[in-house]
Each structure stands twice: as C-alpha cells, then as structure tokens.
Amino acid sequence: MGESQCRGIAAAAAALLMVVWVGVSDGQLAYDYYKTTCPDAEDIVRREVLSFALSDATAPAAFLRLMFHDCQVQGCDASILLDPVGVKSEMRSSRNFGIRKLEEIEHVKAALEAECPGQVSCADIVALAARESVALSGGPHIAIPLGRKDSRASNYQQADAHLPSPSISVDAFLQTFMAKGLNLEESVAILGAHTLGEGHCLNIVDRLYNPKADDQMNSVFEARLRLQCPTPAPLTNLTTVSNDITPTIFDNQYYRDILLGKGLFLIDSGISRDPRTSDLVKQFAIDWDYFFRAFSSAFVKLSSTNILSKARGEVRKQCGRVN
Ligand code: HEM
Ligand SMILES: *[C@@H]1O[C@H](CO)[C@@H](O)[C@H](O)[C@H]1NC(C)=O
C-alpha cells in the first residue's frame with residue numbers, strides 16, 4: 001500500500017471517528033445508556049422483533065424503513081409514530097405510503113413500560129427494532145448508542161419536504177445523506193437497505209409509463225414489472241414487488257441486481273450507473289464483508305441524526321401520543 005493511500009485511510013478514519021463522536025456527544029447518546037435504568041431493554045426489543053418476524057417474514061423490512069423515515073424527518077425522535085391518524089400526522093404524507101408496523105412498535109413499548117416504566121424512549125425502540133431486523137435477517141450486528149428523546153410534535157409538511165421520492169436524482173440522493181455526515185461509501189451502503197422488503201406499484205408506475213431518457217432496465221425485468229403493475233394509475237394498492245430477489249435476507253444481492261438493470265426504483269438503478277457511485281456498487285456486489293462494514297457505520301450515523309436534548313424532548317408513555 002502506498003504512503004499516500006495510507007494517509008488517505010488514516011484521514012478517513014479520523015473523519016469518521018469525529019463525526020460519530022460529535023453525533024454522540026451532541027445528543028447525549030451512550031452505548032450503556034440503560035445500564036442501570038433498564039438493563040434488559042435491548043434483550044426485550046430483540047425478543048419482540050424476533051416474534052414479529054416469525055409471524056411475518058416481511059416485518060424486518062418494515063422496521064428498517066421505519067427508522068429511516070423517522071430519522072429523515074426532524075431527526076430520530078419517533079415523530080413518525082405521533083398521532084398516526086391525526087390530521088397533521090407525518091403518516092398523512094404521501095411519502096409515508098407503505099409504512100407499516102406502527103402498532104408493533106407500540107406493542108414493544110408496552111413490554112418495556114411493564115419492565116421499566118418511563119425509561120426507554122420510542123425513538124430508541126425504533127432504532128433498536130431496525131438494528132435487530134438487520135441482524136436477524138442475516139445482516140451485520142450493529143452496536144448503536146442510545147438515549148434518544150421523543151419529540152413533542154410532528155407535522156406532515158416536514159415529511160413531505162424531507163422524505164425522498166423514488167425518482168430522486170443521484171445528486172440529490174448524495175446531498176441528502178452527506179448532509180447527515182455519511183461519506184460517499186456510507187451513502188451507497190445505506191441504500192443497500194433495499195436488500196430487504198418490497199415496493200408498491202404506486203412507486204414504480206412513473207418509471208414504467210413515463211420513463212426518463214437515461215433510465216435503463218433489464219427488458220425481462222421490465223416486462224415482469226409491467227405485468228405486475230399493468231396500468232399507469234394503479235387500480236389497486238395491494239400488489240407489491242420485491243426490492244431484490246432475496247427480499248427477506250439481508251445480503252449484497254441488491255447490488256448484483258441493480259448492476260443487471262433489476263433495480264426496483266429509479267434511484268436504485270441510478271447509483272449503479274452514476275460514475276461517482278458505480279465503482280462502490282461493484283465492490284459491494286462482490287464483497288459482502290465490505291458492504292456490511294460500510295452499512296454498519298452508515299446505520300450508526302443515520303440513526304443518530306439530530307437527537308433531541310433532554311430539555312426539548314421527552315420519553316413518551318405511549319408512542320402514539322405526547323405525555
Ligand atoms: C433516496 C433514498 C431512498 C428512497 C428514494 C427510497 C424509496 C423507497 C420506496 C419508494 C420504497 C417502497 C415503498 C412502498 O411502495 O411501499 C422503499 C422501500 C424500502 N426502503 Fe427505501 N428509499 C430510500 C432510502 C432508504 C433507506 C436509507 C433505508 C433504510 C436504511 C430504506 C429502507 C427501505 C426498506 C427496508 C424498504 C422496504 C419496506 C417494506 O417492505 O415495507 N430506504 N424505499
Ligand atoms: C393508493 O394509495 C394512494 C396513496 O394513499 C392513493 O392516492 C390512491 O388513491 C390509492 N389507490 C387506490 C386504487 O386505492
């Protein structure tokens with residue numbers, strides 16, 4: 001390895017440590033946050049998430065996306081869970097279409113309240129449920145710092161403004177994640193979350209029936225999507241299509257799929273061809289260990305975004321309403 005390459009790696013490592021450190025100190029997060037107040041918190045979340053996954057193999061995907069949609073709007077503060085049927089709730093935003101398993105988070109919360117009342121925030125539960133979902137699907141075991149506080153408010157307009165559309169440009173995609181302190185490698189890795197789960201026709205038809213000039217899909221794959229989503233305006237919201245060919249396994253199949261033109265959303269395809277991201281896509285496609293490491297550090301950063309201080313947040317008693 002050349003000297004300059006070594007220096008580059010050392011600098012990158014220093015930058016990474018700094019960002020993580022800043023994120024942790026700003027929000028008063030700590031790896032042993034519940035050591036005295038709720039020592040079994042992580043075990044309880046693990047047990048609950050496992051039981052949901054055993055009864056519905058698609059549950060882990062839902063929990064993973066839930067963390068992203070929570071953290072992307074106001075920060076990781078469980079704002080997405082607040083008053084889910086209310087007129088101003090984040091769930092009113094069309095960008096939250098397909099978000100599921102809110103009731104299950106409330107169920108985990110009830111189990112934690114029974115064990116240690118008033119201690120574990122809903123925001124930490126969302127982050128832990130996502131972390132467990134990755135691990136039990138075969139992905140990396142990621143240690144995350146805890147101590148997030150829950151917001152006292154939410155607003156669907158924030159969700160409309162900050163949740164990305166499936167046809168976001170690679171530029172806007174990179175800006176979104178780099179603004180949270182993820183580097184290029186981590187930004188490409190976090191989208192590997194699309195190794196799990198599914199999408200609805202609503203989010204695919206634009207790509208099928210109103211294609212962008214630079215979009216390219218594998219023709220067999222495209223024909224299959226058209227069969228599953230046969231009309232430009234979906235006649236039903238019941239049809240779902242897998243994100244990759246192994247939708248319940250957290251692996252690097254997503255990167256192999258998108259390289260073959262089998263990415264479900266425009267942005268999935270986009271990162272496989274953009275000159276800034278395509279080399280990383282190719283490396284993640286052949287080196288799952290490299291993908292897992294990059295995904296893990298990306299996950300810690302994303303799930304530590306904009307943490308509320310004790311003064312500005314609370315620990316809700318129920319995830320669906322402020323205290
Ligand atoms: C620019 C960034 C992103 C865009 C545009 C995007 C877009 C989408 C869309 C449109 C869906 C399908 C929703 C549906 O039709 O039901 C989806 C599903 C999903 N997304 Fe993303 N996503 C992005 C980033 C992420 C990130 C960062 C994560 C997690 C860390 C994530 C995790 C997931 C998962 C797990 C699913 C499957 C959900 C399920 O099966 O219920 N996505 N995404
Ligand atoms: C599907 O869901 C979207 C978003 O909630 C809605 O606008 C649309 O009318 C629904 N389509 C059908 C056929 O129910």
Side-chain angles (χ1 to χ4, degrees), residues 52-53 55-73 80-81 84-85 89-105 126 129-130 133-134 137 156 158-169 172-173 176 190-212 215-250 253-254 257-258 260-272:
F52 289 125
S55 60
D56 175 1
T58 75
F63 290 132
L64 180 54
R65 184 174 184 229
L66 188 63
M67 180 278 289
F68 171 49
H69 280 217
D70 180 30
C71 294
Q72 184 62 20
V73 183
I80 193 170
L81 302 177
V85 292
S89 91
E90 286 182 16
M91 284 301 289
R92 290 273 158 163
S93 168
S94 62
R95 292 283 162 78
N96 274 325
F97 177 79
I99 286 285
R100 2 182 231 124
K101 306 291 177 188
L102 303 186
E103 281 300 316
E104 284 74 359
I105 296 288
V126 169
S133 293
V134 170
S137 304
Y156 73 91
Q158 291 290 317
D160 283 345
H162 296 293
L163 291 171
S165 131
S167 50
I168 189 175
S169 68
F173 157 75
T176 301
I190 200 69
L191 209 52
H194 286 175
T195 181
L196 290 182
E198 58 200 21
H200 291 78
C201 293
L202 199 65
N203 283 315
I204 305 162
V205 284
D206 218 34
R207 197 175 169 211
L208 288 175
Y209 300 105
N210 192 11
K212 291 218 163 72
D215 193 9
Q216 289 163 17
M217 260 184 274
N218 170 292
S219 56
V220 176
F221 180 76
E222 182 174 359
R224 211 181 68 219
L225 285 186
R226 280 175 191 268
L227 275 179
Q228 286 171 295
C229 307
T231 53
L235 299 176
T236 151
N237 280 329
L238 298 174
T239 313
T240 55
V241 186
S242 296
N243 269 345
D244 76 355
I245 63 167
T246 56
T248 60
I249 301 173
F250 194 101
Q253 185 64 42
Y254 164 80
D257 281 7
I258 63 178
L260 294 172
K262 297 176 181 177
L264 196 52
F265 307 118
L266 188 69
I267 185 62
D268 299 323
S269 250
I271 61 164
S272 75

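Just so it is clear, the model here is predicted, and its values are computed rather than measured.
For the atom pair CG (Leu81) and CG (Asp70), the distance works out to 6.5 Å, reported to the nearest 0.5 Å.
For the pair Asn218 (side chain) and Gly261 (backbone), a donor-acceptor distance under 3.5 Å is absent. A donor-acceptor pair under 3.5 Å is absent between the side-chain atoms of Ser269 and the main chain of Asp215, judged by distance alone. With hydrogens and angles disregarded, a donor-acceptor distance shorter than 3.5 Å links the side chain of Asp257 to the backbone of Ile245.
Sorted by first and then second residue, the pairs that involve residues 216-242 and meet salt bridge (charged side-chain N to carboxylate O under 4.0 Å, His left out), not counting sequence neighbours, are Glu222-Arg226.
Scored by the salt bridge (charged side-chain N to carboxylate O under 4.0 Å, His left out) test, Asp268 finds no partners at all (sequence neighbours excluded). Annotation: side chain to side chain donor-acceptor pair (under 3.5 Å) contacts of Glu198 (sequence neighbours excluded): none. With sequence neighbours left out, the side chain to side chain donor-acceptor pair (under 3.5 Å) criterion links Ser137 to no other residue. Every residue two or more places apart in sequence or in another chain that forms a ring-ring contact (aromatic ring centres under 6.0 Å, His included) with Phe68 is listed here: Phe177. With sequence neighbours left out, the side chain to side chain contact (heavy atoms under 4.5 Å, CB included) criterion links Pro211 to no other residue. In this structure, the side chain to side chain contact (heavy atoms under 4.5 Å, CB included) partners of Ala172, at least two apart in sequence or on a different chain, are Ile168, Ser169. Legend: residues meeting side chain to side chain donor-acceptor pair (under 3.5 Å) with Ser167, ordered by chain and number and at least two apart, are Ser165. Remark: Asn243 engages no residue in a side chain to side chain donor-acceptor pair (under 3.5 Å) (not counting sequence neighbours). For Phe63, there are no ring-ring contact (aromatic ring centres under 6.0 Å, His included) partners at least two apart in sequence or on another chain.
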Exercise answer: donor-acceptor pairs, residues 94-102 side-chain atoms, under 3.5 Å, sequence neighbours excluded:
| unit_1 | atom_1 | unit_2 | atom_2 | d |
| --- | --- | --- | --- | --- |
| Arg95 | NH1 | Leu163 | O | 2.7 |
| Asn96 | OD1 | His69 | ND1 | 2.7 |
| Asn96 | ND2 | Glu90 | O | 2.8 |
| Arg100 | NH1 | Thr58 | OG1 | 2.9 |
| Arg100 | NH2 | Thr58 | O | 2.9 |
| Arg100 | NH2 | Thr58 | OG1 | 3.4 |
| Lys101 | NZ | Asp56 | OD2 | 2.7 |

Could you list the donor-acceptor pairs under 3.5 angstrom formed between side-chain atoms of residues 230-242 and any protein atom two or more places apart in sequence or on another chain?
| unit_1 | atom_1 | unit_2 | atom_2 | d |
| --- | --- | --- | --- | --- |
| Thr231 | OG1 | Ala233 | O | 2.9 |
| Thr236 | OG1 | Leu238 | N | 2.7 |

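The nearest pair of heavy atoms linking Leu191 to Ile271 is CD2-CD1, 3.9 Å. Here the shortest heavy-atom pairing between Ala61 and Gly197 reads CB-CA, 3.4 Å.
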